[in-house]
Asker: 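What follows is a structure written as structure tokens; I'll ask about it next.
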Amino acid sequence: MALYLLGLVFFCTDIGMRIVLRTRSWRWVELALTAGLLLAWLLYPRLSEWAVPYMPDGEGMSLYATLVGLQLGLMDAAVRTGLSRWRTQLRQARQRHAARYRVW
């Protein structure tokens, strides 16, 4: 059940954030990335020690799965949106450069 909840929250957050970030400025992308990193820091406090996150039991597992799905969705949306914007800007810069130095 927790895995289904994690997947559902991940996909909903990822798709929703990509739609929101598509129309927003770079500041919003940075904000989403920072929120995802802070959430990861809170969810995996011992990750650097043993590379194994704290896993709650029973009732807490649903909340944990929801938070992990939210964190993964935020990070995926911010990274994909940032990379897409960067590729678009790079492609436009190359086209401007090629048009400027085109020999007829």
Asker: Group every Ile, Leu, Val, Met, Phe, Trp and Tyr by side-chain heavy-atom contacts under 4.5 Å, then state whether Met75 and Trp28 land in the same group.
Answerer: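 Different clusters: Met75 never reaches Trp28 through Ile, Leu, Val, Met, Phe, Trp or Tyr contacts under 4.5 Å.
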
Asker: Is any side-chain heavy atom of Val79 closer than 4.5 Å to a side-chain heavy atom of Leu33?
Answerer: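 In contact.
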
Asker: For the atom pair NE2 (His97) and CZ (Arg94), what is the distance rounded to the nearest 0.5 Å?
Answerer: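 Atom-to-atom, His97:NE2 and Arg94:CZ are 10.5 Å apart.
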
Asker: Between atom CG of Leu90 and atom CZ of Arg85, what is the distance when rounded to the nearest 0.5 Å?
Answerer: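 Output value for this atom pair is 16.0 Å.
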
Asker: What is the distance from atom CH2 of Trp41 to atom OG1 of Thr34, rounded to the nearest 0.5 Å?
Answerer: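 Nearest 0.5 Å value for the CH2-OG1 distance: 14.0 Å.
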
Asker: Is Asp76 salt-bridged to Arg18, going by a charged N under 4.0 Å from an acidic O?
Answerer: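 Counted as a salt bridge, because a side-chain N and a carboxylate O are separated by less than 4.0 Å.
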
Asker: Between Thr13 (side chain) and Phe10 (backbone), is there a donor-acceptor pair under 3.5 Å?
Answerer: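 Such a contact is absent between Thr13 side chain and Phe10 backbone.
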
Asker: Is there a path from Leu6 to Phe11 through hydrophobic residues (I, L, V, M, F, W, Y) whose side chains come within less than 4.5 Å of each other?
Answerer: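 Yes, it is one cluster - the side chains of Leu6 and Phe11 are joined through contacts under 4.5 Å.
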
Asker: Using only atom types and a distance under 3.5 Å, with no angle test, would you say the side chain of Ser84 pairs donor to acceptor with the backbone of Arg80?
Answerer: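 Here the side-chain-to-backbone pair does not exist.
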
Asker: Working to the nearest 0.5 angstrom, can you tell me the gap between Gln71 CD and Leu38 CG?
Answerer: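 Reported value, rounded in 0.5 Å steps: 10.5 Å.
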
Asker: For residues Met17 and Leu74, determine if any side-chain heavy atom of one lies less than 4.5 Å from a side-chain heavy atom of the other.
Answerer: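 They are in contact (side-chain heavy atoms under 4.5 Å apart), so the answer is yes.
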
Asker: Starting from the C-alpha separation in whole Å, work towards a yes-or-no answer on side-chain contact (heavy atoms from CB on, under 4.5 Å) for Val29 and Arg24.
Answerer: CA-CA 8 Å; Val29 176; Arg24 304 291 181 182; over 6 Å; no

Asker: Taking all non-hydrogen atoms of both residues into account, name the closest pair between Leu70 and Val9 and its distance.
Answerer: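 Taking every non-hydrogen atom into account, N-CG1, 3.4 Å.
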
